[in-house]
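Reading through the structure tokens given below for one structure.
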Amino acid sequence: MSEPTEPPRGAATSAAVDTSRDRSRAAQSARVSGPLRRSGDWARRAPLLPALIFMIVVTQLPFVATLVISFMDWNAYYPDERGFAGFANFRRVFTDINLRNAVITTIILTAAVVLISLLLGMLIALLLDRKFRGRGAVRTMLIAPFLIVPVAAALVWKHALYNPEYGLLNGALTWIWHLFGADRPPQPDWISSMPLGAVIAALIWQWTPFMMLILLAGLQSRPLDVIEAARIDGASGWEIFRYMTFPHLRRYLELGGLLGSIYVVQNFDHVFTITSGGLGTANLPYTIYQIFYNAHDYGRASAAAVVVVIGTIVIATFALRTVSTLFREESSR
Amino acid sequence: MTSITDTAPVPATRTAAGAPREKRRSPSGLVLTLLAWVVGVLFVLPVLWMALTSLHSEPAAATNPPSIAAPPTLQGYRDFFGAGAGTTPWPSLANSLTASVTSTILVLLLSIPAAYALSIKPVRKWTDVLFFFLSTKMLPVVAGLLPIYLFAQSVGLLDNIWLLVLFYTSMNLPIAVWMMRSFLAEVPVEMLEAASMDGAGLTRTLQSVVAPVVMPGIAATSLICFIFSWNELLFARVLTGTVAQTAPVYLTGFVTSQGLFLAKVCAAAVAVSLPVLIAGFAAQDKLVQGLSLGAVK
């Protein structure tokens with residue numbers, strides 16, 4: 001499945017043509033000809049083969065197995081009933097209300113986390129793209145959330161921030177209310193009153209630094225002389241952002257959005273830790289984990305996994321196209 | 001730690017004199033600076049709160065409003081590392097270390113030769129190969145979970161740390177190939193040609209021309225692979241049990257509340273995250289390049 005079909009291939013050939021250094025390398029290899037060249041080819045391929053074979057065995061074979069199992073009747077609790085099931089598992093996947101909800105939850109979760117952290121990431125990157133006292137320290141503080149082990153971060157949000165009795169959020173509300181001399185501060189139970197929002201907020205906190213880093217790198221690769229010229233010509237800050245910075249950032253926004261989607265679609269840790277998939281927060285990875293780990297329905301779990309893969313191919317195709325565009329620009333520079 | 005210094009890369013498009021933007025002392029500049037600081041503090045606050053709470057006693061950690069100035073104590077850490085109860089996290093931390101370090105070494109052994117064959121002496125259709133590696137990264141891991149579990153069950157590798165080592169190697173190999181390729185591509189062709197003209201063999205070329213240029217890249221690649229392996233939960237949870245469980249799996253024991261245990265949870269979160277924080281700040285210059293698979297420098 002995961003062989004990228006035409007977009008990268010087309011880009012790939014043009015990338016190879018673009019680069020001057022590749023041209024010189026191609027010329028090197030063209031100098032050798034005939035049988036010498038063939039043995040040379042294998043000498044070139046040899047260092048690549050271990051990694052390539054390892055990847056094919058470890059990532060492609062299991063997927064083929066998943067595809068086969070998805071057409072089978074296979075539940076570990078009923079070992080005697082194993083057999084060919086046709087499309088029955090897929091029919092069950094598409095009619096199962098839990099799985100349908102999981103699809104919707106996954107889409108809401110991924111879209112919310114990726115879009116909000118992209119927006120925050122861009123605003124913060126713009127704030128950091130100027131010289132000020134302590135810029136390095138602020139950048140370090142902003143990276144820190146990304147460097148907390150995801151399960152640990154989810155645990156801290158669940159117990160130390162969201163807890164209705166002693167969590168920091170309600171603690172801060174008490175403080176603020178006392179500060180203004182009021183008693184009876186509101187003490188919401190964050191996780192039960194907005195379960196999906198609680199998961200999303202914790203994920204945004206971890207993913208905004210990632211977006212910020214990519215967008216900051218994008219901002220810093222702007223051709224500054226052109227922007228300086230525009231400023232001298234009397235362009236306002238907003239005009240410079242709208243017509244120069246934003247178009248330049250678009251590709252980095254796409255890249256951040258797509259890479260973020262690929263990771264967030266697969267999120268398991270936060271859903272598992274903060275809500276244990278309850279209260280309508282079960283996304284697809286969590287639901288598949290449950291069908292497989294708790295219900296031991298291997299056929300249905302595999303069919304759901306195949307559906308997820310097909311959904312991911314759509315995102316992945318765009319992601320590969322974006323990466324190959326950046327890749328081409330990078331190598332022709 | 002080097003984290004305080006300003007490490008933002010200065011791209012070649014900027015002149016040394018005109019670096020990012022001239023310092024403005026206008027009131028709006030001051031407001032923006034203040035805003036940047038406020039945002040930074042807000043983002044780091046949960047981390048600081050976690051660290052502070054881990055140093056409080058259990059009763060002090062569970063007050064509302066929070067008691068910031070409670071006397072610090074190491075009781076939370078003592079509880080986590082098994083002073084009171086029977087369980088200790090040490091075996092799971094050791095498992096995490098084994099899985100992360102071994103898989104990172106395997107990744108380097110496989111990815112460096114592969115990256116060499118994709119950049120210094122490229123095979124034909126090398127970009128196709130490169131994109132094949134990338135596409136495996138986009139396959140949702142949950143799709144491979146079941147067959148790997150069934151395979152492990154049939155050959156008796158369940159609850160065995162080496163199965164995780166193999167899986168983490170495959171998880172990080174595409175990232176490492178992309179990163180290493182982008183680092184190796186920075187070795188100037190002219191230097192390689194000069195070396196071969198001077199009659200330097202492969203070993204000599206690798207040693208004195210390639211190695212000095214790519215060493216920082218290798219360091220960054222290994223740190224990022226280490227972080228991803230250390231963080232992984234889903235596969236570790238499904239494929240390991242009592243013997244081979246990793247630190248994140250051990251942490252899932254804290255998902256349900258157990259009375260007054262907030263200081264212990266925070267101590268656990270700090271202890272398990274510390275290696276990642278250290279590795280991450282050590283690699284922060286190359287973090288973007290690694291996370292974007294070499295697409296952004």
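Labels below follow one simple rule: chain letters A, B, ... track the order of the sequence lines, proteins then strands, and each chain is numbered from 1. Since the structure is predicted, the reported quantities are computational estimates derived from the model, not experimental observations.
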Bottom line for B:L106: the part with an atom under 4.5 Å from chain A's heavy atoms is neither
**Prompt:** More than 12 foreign heavy atoms under 6.0 Å from CZ of B:F151: is that the case here?
**Reply:** no
Worksheet item: Would you say the side-chain atoms of B:R237 and A:Y289 include a donor-acceptor pair closer than 3.5 Å?
Response: yes
Note: vs chain B, highest number of non-hydrogen pairs under 4.5 angstrom among A:L213, A:V306, A:L284, A:L61 is A:L213
**Message:** Quick one: does any side-chain atom of A:T66 pair with a main-chain N or O of B:A143 as donor and acceptor, under 3.5 Å?
**Reply:** yes
Most contact-rich option vs chain B, by heavy-atom pairs under 4.5 angstrom, among A:T208, A:I274, A:V265, is A:T208
In A:P62, A:S302, A:S70, the residue satisfying side chain to side chain contact (heavy atoms under 4.5 Å, CB included) with B:L146 is A:S302
When rounded to the nearest 0.5 Å, the distance separating CE of A:M141 from CH2 of B:W37 is 4.5 Å
Of A:V58, A:L155, A:I262, the largest count of non-hydrogen pairs under 4.5 angstrom with chain B goes to A:L155
For B:M50 and A:I148 the tightest heavy-atom approach is CE-CD1, 3.8 Å
Applying a strict 4.5 Å limit to non-hydrogen atoms, the region of B:Y250 in contact with chain A is neither
Okay, B:T33 and chain A: the region with an atom under 4.5 Å from a heavy atom over there is both
Bottom line for B:L274: the part with an atom under 4.5 Å from chain A's heavy atoms is neither
Test side chain to side chain contact (heavy atoms under 4.5 Å, CB included), reference A:V151, set B:N231, B:V249, B:L233, output is B:L233
A:F292 vs B:Y149, ring pair (Phe, Tyr, Trp, His ring centres under 6.0 Å): CA-CA, chis, key distance, verdict | CA-CA 10 Å; A:F292 151 58; B:Y149 173 82; 5.0 Å; yes
Max heavy-atom pairs within cutoff under 4.5 Å with chain B, candidates A:L52, A:V308, A:L127, goes to A:L127
